[in-house]
Each structure stands twice: as C-alpha cells, then as structure tokens.
Visitor: 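Attaching a single structure in structure tokens format; questions to follow.
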Protein chains: 4
Amino acid sequence: MNRPPNAQRRSEKSHQATLAAAMDLCVEQGYGKVTVEAIAARAGVSKKTIYRWWPTKGAVVLEALIALVGKATQFPDTGDVAADMRTQMTAVLDNVMTGPHAAVYAGVIAEAQHDETLAHNLLAHLLQPRIEAARDRLRLAREKGQLAPDADVELAVDLLYGPVYYRLLLNLGMYSREQLHTLIDLVIGAFAPVPATPPAPDPG
Amino acid sequence: MNRPPNAQRRSEKSHQATLAAAMDLCVEQGYGKVTVEAIAARAGVSKKTIYRWWPTKGAVVLEALIALVGKATQFPDTGDVAADMRTQMTAVLDNVMTGPHAAVYAGVIAEAQHDETLAHNLLAHLLQPRIEAARDRLRLAREKGQLAPDADVELAVDLLYGPVYYRLLLNLGMYSREQLHTLIDLVIGAFAPVPATPPAPDPG
Amino acid sequence: MNRPPNAQRRSEKSHQATLAAAMDLCVEQGYGKVTVEAIAARAGVSKKTIYRWWPTKGAVVLEALIALVGKATQFPDTGDVAADMRTQMTAVLDNVMTGPHAAVYAGVIAEAQHDETLAHNLLAHLLQPRIEAARDRLRLAREKGQLAPDADVELAVDLLYGPVYYRLLLNLGMYSREQLHTLIDLVIGAFAPVPATPPAPDPG
Amino acid sequence: MNRPPNAQRRSEKSHQATLAAAMDLCVEQGYGKVTVEAIAARAGVSKKTIYRWWPTKGAVVLEALIALVGKATQFPDTGDVAADMRTQMTAVLDNVMTGPHAAVYAGVIAEAQHDETLAHNLLAHLLQPRIEAARDRLRLAREKGQLAPDADVELAVDLLYGPVYYRLLLNLGMYSREQLHTLIDLVIGAFAPVPATPPAPDPG
DNA sequence: ATCTAAGCGAGACGGTACGTCCTGTCTTCGA
DNA sequence: TCGAAGACAGGACGTACCGTCTCGCTTAGAT
C-alpha cells in the first residue's frame, strides 16, 4: 500500500524546476496566492509529481527557502563575538528578513501554524541549525571569558532573534542595519562578564 | 451600490453567536480547519449574515479574540517597573501565549501574513495599544530615573515582547513564568541607569 | 449528512443550459470524449451544480436524450398494425438510430454496461415505455384478430427492436427505411392469424 | 521512428499472464473498473509491455475473449437447419450471453462504441466469422429447399442474433434455452418455403 | 562463448479529468 | 422585510489512470 517513491530515480530536472517555480511564484504573487496547480504549470511538471515528493505547498516552498538561504548563514569566528554576531545576523537580515524573500519566509512560518509537519521541518532544517550555531558561538565566547560565566546563551539567542522575527511577523517594520547592530551590542553587553577588578572609583 | 448595512438594526444575538461559534470551533479544531460555513452552521446564522458584517474569517476570529483579551491588559503602576512588567506580561502569557487560545492567536497572526486588512486591524486593535502601554510605562520609569536617561524604550519593548512571540510563532515552546521573569529582569537591568558610584565589590 | 438538495430552488436556467451543453458536446466530439468539466464550462455552470443534480455524465446525457426523443415516439392507431409499427419505428430510426444522435444514444447504452443506476434509468425512462407501447399496440391488434390469438407479443417486440439495436451497437450499419419496413412486415406476418378457411387450393 | 516490436522475441509467459489477468479482473470487478495498471500489476508485467503489444485495454480483453470462445462455435450440419441453429446458438448463449463472461463481452462491445479500432477488430475477429457461418448454413438450407428460395439470409441472421444482443446490451434479461428455441423456430418458420400444395387441414 | 540489442520489470513522468470542498454572491421562502 | 437556508459560479484541492519514458536486468540471436 502506498510505498514511498524511489528517490534514486527522481528527476532532478523536475525537482529543481518545481523549487524554482515555487519561489518565483511566491515572490511574484505572494505565498498565500500560490497554488500547487500554478507551481506545476509554471514548472512544466505534473501535480502528481509534486505530490509524490512533497506533502504540501508549504513543504515545497520551505525546501526552496532552505536551498536559498542554507549556504549564506555560516557563523564566522574572528574572535570578536559581537562583530561575528553582527556579521551573521546582518546576512540573515539581508537574505530573508528584507527584500522579496521576507514575505515568502513569513508565509511559510504562517503556514506552519496549522501544519505540524511543516512546523517540525521548518524548525529542524532551517531554524534549529542556525539557533544552535548561534548558541555555539556564544558558548565559545563564554568559555573565552568574553561573556559572563553564568550567561544564559539560550536566552541570549532569544533576545537576539526574537525581536527580529517579532517585527517580521507582526508587520512592525524590519530593523535597519544600524538598529540591528545596536540591538546586538546591547544584548551582548548585557551578558558581558563583570570585570575581575572593579574600575577605579571615580576620583571626582 | 453595495451600501453598508445599517448597524443599528444589527441582530446582537447573531453577532454574539457568530463570535462564540468562531472561537469555539477554533479551539476545537484549530484555526486553520475552521471555515466560514462551519461557523455559520454552528452559530445558526447564514453565511450571508457573516459576510455582511465581516470581510473574512480572520476578521471574525480577531474580533472574538479582542473581546476575549481586550480587558485584561491594563498596566499597573506600583512604582517598581520590573514588577509591573512582570505582572502585565504574566497576564499576557496566561491569556494568549499558553492554553487553548494560544493557537488561535497564532492562527490569526498567521492569517495576517497574507491579509493586509487583517494585519492592520490586528496591529491597531490588539497589538499597538499594548505596545504603547508598555512603552508609556517604560517612559515613565525613565523619567523617574529608574531607567537610563537615554534608554531606547522601543527597543526595550521589542526585547520584552519579541522573544515571547518568537517562541509562540516558531513553535519553540513558551516560557515558564520563571523564565519570563528572568527575561524581564535582564532586559530591564540592561536599561538600568549607570550608577553614579560603581557598586562596591562583593565583600564576601 | 449529505441531505439531498431542494428541488424547488433549482435553477431552471442552469438545468437547461447543462442539458443543452451536454448534448451539443456529445454531438460535436462524441460521447466518450465529453467530460463533466467540459459540460460545466460550456454551460457556464459549476461542476458542483452538475454533481448536485446528477450522479454521472451518463445521467446528464440520458436526461438530454429523453428530452430529445420523449415526445417524438407516440404510437398511432390507424387500425393497420403493420402500418402503425412502420410509422413509429421509422420515427425512432430517424430520431436516434441515424443522424447525429445515434452515436450519443449508443454511448449512453455503452455507459450503462458498467453503471447499474444508469442502466436502470435508461430502461425505466427511455426504453420500457416504448417497449410497453409497442406491446400494447400489438395486443390490441391481437384482440382485433389481426394477429394470431396465441401471438407472443413480447417476442414480437424483441424481433422488431432487437435487430435495430443489434445493428446500432455492433456497428453493422443501420437499416434503410425500406429494409426496416421489410423487417416489420416479415415479423408482423409471422404472427398473422391462420386464416379460418384455408385458401382455396391452387387450381393450376 | 517507433518500429514495431519483434514478435519473435515476445515473452509468451507475459503474453498469457496478461490475458489471464485481464479476464480475471474483468470477471471479478467488471470490465469498466479494470485498468491497465491493475492488469499489469496482477500479471506481474510492466505497463510498457502491455502497451507494446496492445493499443488499449479493450484490445487486451478482446483478445482474451477471442481465446476463450474462439473454438466453440463451429456450425454443425445435421441436415435439420432449425436443429443446427438451436445447437449453435445455445452454445453461444451458454458461453458469452450468460454466466461471468457475459458482462465482459458487453463491456467490450460498450468500449467499441468509442473506439473505432476495437469496433473493427471485434467485428472482424469475433462477430463477422460467426455471422458468416450462420449465413452460410442458412444459404445451404435455402439451396436444399428447406428455406424459401427468396429467403433473405442476412435478415434472418439479424432476426436470430438481434434479439439476443438486444437483451444482453439493454439489460432486458437473457433468454432461457426454451425461449431461445422458440425464437429460432419462429424465425426459421417465417422463412420456410411456401408449400406447393397447401397443407391439408388437420383431420384430427 | 561472448557480445549486443531487444524485451522485460519497475515505476517516475506530463497530463487530464475526476469528484469534493470552500469561497463569496445571489435567490427563495418563512416568520 | 429581514434573515436562515441554501443554490449558485468559480476555482483549488488531492487522487487516479492514462500513455510515454527511462532505468537496470535478463536473455536470446548473431558474432
């Protein structure tokens, strides 16, 4: 009954055409107005082929998004944690929080509200890796003494990413780069270590 | 000519039945699976009547949500800004970020991603008033010297609300009350005024 | 669950448009190539409306056929049973056994081979009434002594109609009017009464 | 260029398995519900192999039918034309007009209504030989003076076969053997030669 | 005895129609 | 005369088969 298809025999051409068509249509018409039928027509692919490999429209667009942003968000390690966070989050801001893909990303997140599988995959394949990378970077900084030894890195990441998604999803207007940098510096600063020797008392 | 209906002659009974049916169905089946047809059937109301007074399903549910949570969010002012933030945000946490209404709220926010009117009304009637109230409370604290004179209250509110919505909408698990309080204290602390004299080193 | 629709509120316009579109398409393209989608599109009617009132394409076309031929096949009674049979069967020949409707009729009969409901309705509403009329006419003739008193009118009707349907459905070429009349005369003759007084022996 | 396949290298095993599967499925589920996919699956044969050797499902089933009934229809010649017709038509009745194969046969005839090639092959390979055999037998009888010299043997065959197909295809209930024999005797009798001297009135 | 070209099973593919569902509009009928 | 009931046009859904196609594999005839 209903065996899964044989992935080895999958047509890479149809695969890529579908992803490209899905992303193009989302950018042109908005995620919500895109239909599986339209994706199939644009890609020159049959609906059956789409349903063979993806359960829903959301899954297609999610994969397209992952392909789009997957590579662009590696964390650098220059030694300066605040600078590295700025570098990475600026890339995220440019890639998916502004420009034509922002609405597509928001659309997928919206869809995930009533699609558990999509929510899980969104988390597992797009979000969680970046969250983990950020946490790792912060843990590294903590080990090097650049953050307080008891700094809660999970909370720190929430404070860094939370406001960005909040503004994306509640239509509050995305941060400019400057605002983003201010935010990052403030959060990193909040987790800075208490200096070992207190600063000399103000002689005034 | 499509004149607007005469609001004076509106049947309050149908109005309330519709809101109640919408909220009940959302809680039972999830926002995404609810249809206008089902709301009409459950409320014993005709579809026409629903479309006469609301443009979309989202608008109905938004109104139901506003009715539900609209009253519960006055900001206290006890003089202790951190305590007041905790009080108010804990109420929000309990009302819409956890429990059966959380998914409904998330569903409306999701719908707003591809419905500009709904997005506008969500912001104007539900979100913006609470954001403004929070900002006002923080401005008051700033004026009283409980926050740094240059504290960016907009950023502060983003840092308080952002992580909560982020965790709601990205399926990351909502904060416990303790976690929420930790978050609030950290953010308020980050905006605390720089003390004129540095704190004495811990004598222990 | 799935109550039947209210026939009183049926749109007669859509009803007639559907029947007309179905028959037109069948004549143009052949019964087998007609789809419910095409009927709906041609009639300017939604598929839902078609499925609300008919279970299958075959049912639509059957109703169209019934409307087409229902009126044209009354039996006359001139007193001459052979002449009356010729009159009626010639009308049938002209209406549904030749010309553009023949293939449509054959298509419906074909469909009825794997659609029990259609088969039943075809019999009950199209065929059986005409068969009964023919039998009645023959019974009348029998009572008047124009046929043998023990004439099997059911068999007689089979012998009259059978060959016609046989040639229609097995692609054997339909009878000309002359052939049909020969057939009728032969069959009626086979059921003629044995003369009370035998013919005088040929004096030759 | 689509060369025809090399029949010498055809797998007889696949050939027979396909025919058997087709007939089995038709008997089990009815001709109309059988699909090429199902035949392929049941036969353990690929769809490609079926389409290599037959153009359509109908062609497969027709071949299966021919294999089934092809042998059983030689006309006897005992000298008694009515008896010989009874013998042969009873065999037809038993083989394809009743029992599990009747519906399959009807299904193929139905399909032929919108498949010219199938119609042609059905006629040429199944029907026409039997019709010709019947005509030949009647011609022989005519030559021997058992039928009137001007007897129209084509019409006679129509009168013999027509009612049988008519009852098969219009769901009118097949004849019993007795009814069939009555029919045959009546038809043959209608074509009997006019006696030179009229029969003497029954002296009883 | 190998080579090689075909048939073969498997099954993915583009395509078409299916029959269902929901939307948002429009009509009817009963209170 | 208003509103519930619900029929309507429209359009996307996800499914089922169609007939084509591309894979490896066997398999038999020709080398």
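So you know, we letter chains A, B, ... as the sequences are listed, proteins then strands, and number each from 1.
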Visitor: What's the CD-P distance between C/E37 and F/dA12, to the nearest Å?
Guide: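 The distance from CD of C/E37 to P of F/dA12 comes to 12 Å, rounded to the nearest Å.
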
Visitor: Between the base of F/dA9 and the side chain of C/S46, is there a donor and acceptor pair under 3.5 angstrom?
Guide: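 Flag set: donor-acceptor pair detected.
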
Visitor: Write down the distance between NZ (B/K57) and C1' (E/dT23), rounded to a whole number of angstrom.
Guide: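 Result: 12 Å.
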
Visitor: In plain terms, say whether B/R42 and B/E28 are close enough for a salt bridge, that is, a side-chain N and a carboxylate O under 4.0 Å apart.
Guide: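 Result for this pair is yes, salt bridge flagged.
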
Visitor: Please tell me which of D/P55 and A/P55 maps to the more 5' nucleotide of DNA chain F, matching each residue to the nucleotide holding its nearest heavy atom.
Guide: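 Looking at DNA chain F, the more 5' nearest nucleotide goes with A/P55.
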
Visitor: Check whether any side-chain heavy atom of C/Y51 lies under 4.5 Å from a side-chain heavy atom of C/V36, and answer yes or no.
Guide: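 SC-SC contact between C/Y51 and C/V36 confirmed.
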
Visitor: Rounded to whole angstrom units, what separation is found between the CH2 atom of A/W54 and the P atom of F/dT15?
Guide: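 Distance check: A/W54 CH2 to F/dT15 P gives 16 Å.
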
Visitor: Verify the contact: side-chain N or O of B/T49 to OP1 or OP2 of F/dG3, cut-off strictly under 4.0 Å; return yes or no.
Guide: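 False: B/T49 side-chain N/O out of range (4.0 Å or more) of F/dG3 OP1/OP2.
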
Visitor: Could you write out each protein N or O paired with an N or O of nucleotides 20-26 of chain F at a distance under 3.5 Å?
Guide:
residue : atom : partner : partner atom : Å
F/dT22  : O2   : A/R9    : NH2          : 3.1

Visitor: Identify which nucleotide among E/dG7, F/dA7, E/dG9 has an atom closest to any side-chain atom of C/N6, counting heavy atoms from C-beta outward.
Guide: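 Closest nucleotide to the C/N6 side chain: F/dA7.
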
Visitor: With rounding to the nearest 0.5 angstrom, report the NZ to CD1 distance, A/K48 to A/I50.
Guide: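 So the gap between those two atoms works out to 13.0 Å.
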
Visitor: Would you kindly give the CG-to-C1' distance between C/L25 and E/dA17, to the nearest whole Å?
Guide: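 Atom CG in C/L25 sits about 14 Å away from atom C1' in E/dA17.
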
Visitor: Once rounded to the nearest 0.5 Å, what's the spacing between atom CG of C/L19 and atom OG of C/S14?
Guide: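 Reported value, rounded in 0.5 Å steps: 11.0 Å.
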
Visitor: Taking only the side-chain nitrogens and oxygens of C/W53, find out if one of them lies under 4.0 Å from OP1 or OP2 of F/dC8.
Guide: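 Yes, within the criterion.
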
Visitor: Rounded to whole angstroms, how far apart are NZ on C/K33 and P on E/dG15?
Guide: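 Interatomic distance, NZ of C/K33 to P of E/dG15: 19 Å.
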
Visitor: Return the residues of residues 10-21 of chain A meeting this criterion: a heavy atom under 4.0 Å from some atom of DNA chain E. Order them by number, or give none.
Guide: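 Close to the strand are A/R10, A/S11, A/S14.
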
Visitor: Quick check on A/E116: does its CD atom have over 12 non-hydrogen neighbours (other residues, nucleotides or ligands) under 6.0 Å away?
Guide: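 Atom CD in A/E116 is not crowded, with 12 or fewer foreign heavy atoms closer than 6.0 Å.
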
Visitor: Should B/W54 and B/T49 count as side-chain neighbours, where that means a heavy-atom distance under 4.5 Å?
Guide: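 Answer no - side chains too far apart.
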
Visitor: Would you say that more than 12 heavy atoms from the other residues, nucleotides or ligands in this model lie under 6.0 Å from the CD of C/Q8, or not?
Guide: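 Counting other residues, nucleotides and ligands, CD of C/Q8 stays at 12 neighbours or fewer.
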
Visitor: For D/I39 and F/dG19, what is the distance between atoms CD1 and P respectively, to the nearest whole Å?
Guide: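 Result: 11 Å.
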
Visitor: Classify the side-chain pair B/E63/B/H15 by whether it contains a donor and acceptor separated by less than 3.5 Å.
Guide: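 Judged by distance alone, the side chains do pair up.
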
Visitor: Could you check whether B/E37 pairs with B/K57 (Lys NZ or Arg NE/NH1/NH2 to Asp/Glu carboxylate O, under 4.0 Å)?
Guide: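 Between B/K57 and B/E37 there is no salt bridge, as every charged N stays at least 4.0 Å from the carboxylate O atoms.
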
Visitor: Find out whether D/Q113 and C/N171 are in side-chain contact, i.e. whether some heavy atom of one side chain is under 4.5 Å from a heavy atom of the other.
Guide: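 D/Q113 vs C/N171: side chains apart.
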
Visitor: Let me check the geometry of the helix from E/dA1-F/dT31 to E/dA31-F/dT1. What is the bend angle between the axes at its two ends, five pairs each, to 10°?
Guide: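 It works out to 20° between the end axes.
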
Visitor: What is the distance, to the nearest angstrom, from the CD1 atom on C/I50 to the P atom on E/dT20?
Guide: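 Taking atom P of E/dT20 as the reference, CD1 of C/I50 is at 13 Å.
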
Visitor: With A/L62 as reference, evaluate A/D115, A/I109, A/V108 under the side chain to side chain contact (heavy atoms under 4.5 Å, CB included) test and give the passing residue.
Guide: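 In the set A/D115, A/I109, A/V108, the residue that makes a side chain to side chain contact (heavy atoms under 4.5 Å, CB included) with A/L62 is A/V108.
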
Visitor: In this structure, how many angstroms lie between the C1' atom of E/dT16 and the CD atom of C/Q29, rounded?
Guide: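 From C/Q29 CD to E/dT16 C1': 14 Å.
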
Visitor: Among the candidates E/dC22, E/dA12, E/dC18, find the nucleotide nearest to the side-chain atoms of A/R52.
Guide: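 Of E/dC22, E/dA12, E/dC18, E/dA12 is nearest to the side chain of A/R52.
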
Visitor: Hey, which sits more toward the 5' end of DNA chain E by its nearest nucleotide, A/V45 or D/A7?
Guide: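 The 5'-side residue here is D/A7.
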
Visitor: Do the side chain of D/E111 and the main chain of D/L118 share a donor and acceptor less than 3.5 angstrom apart?
Guide: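 Side chain of D/E111 to backbone of D/L118, a donor-acceptor pair under 3.5 Å: no, none is there.
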
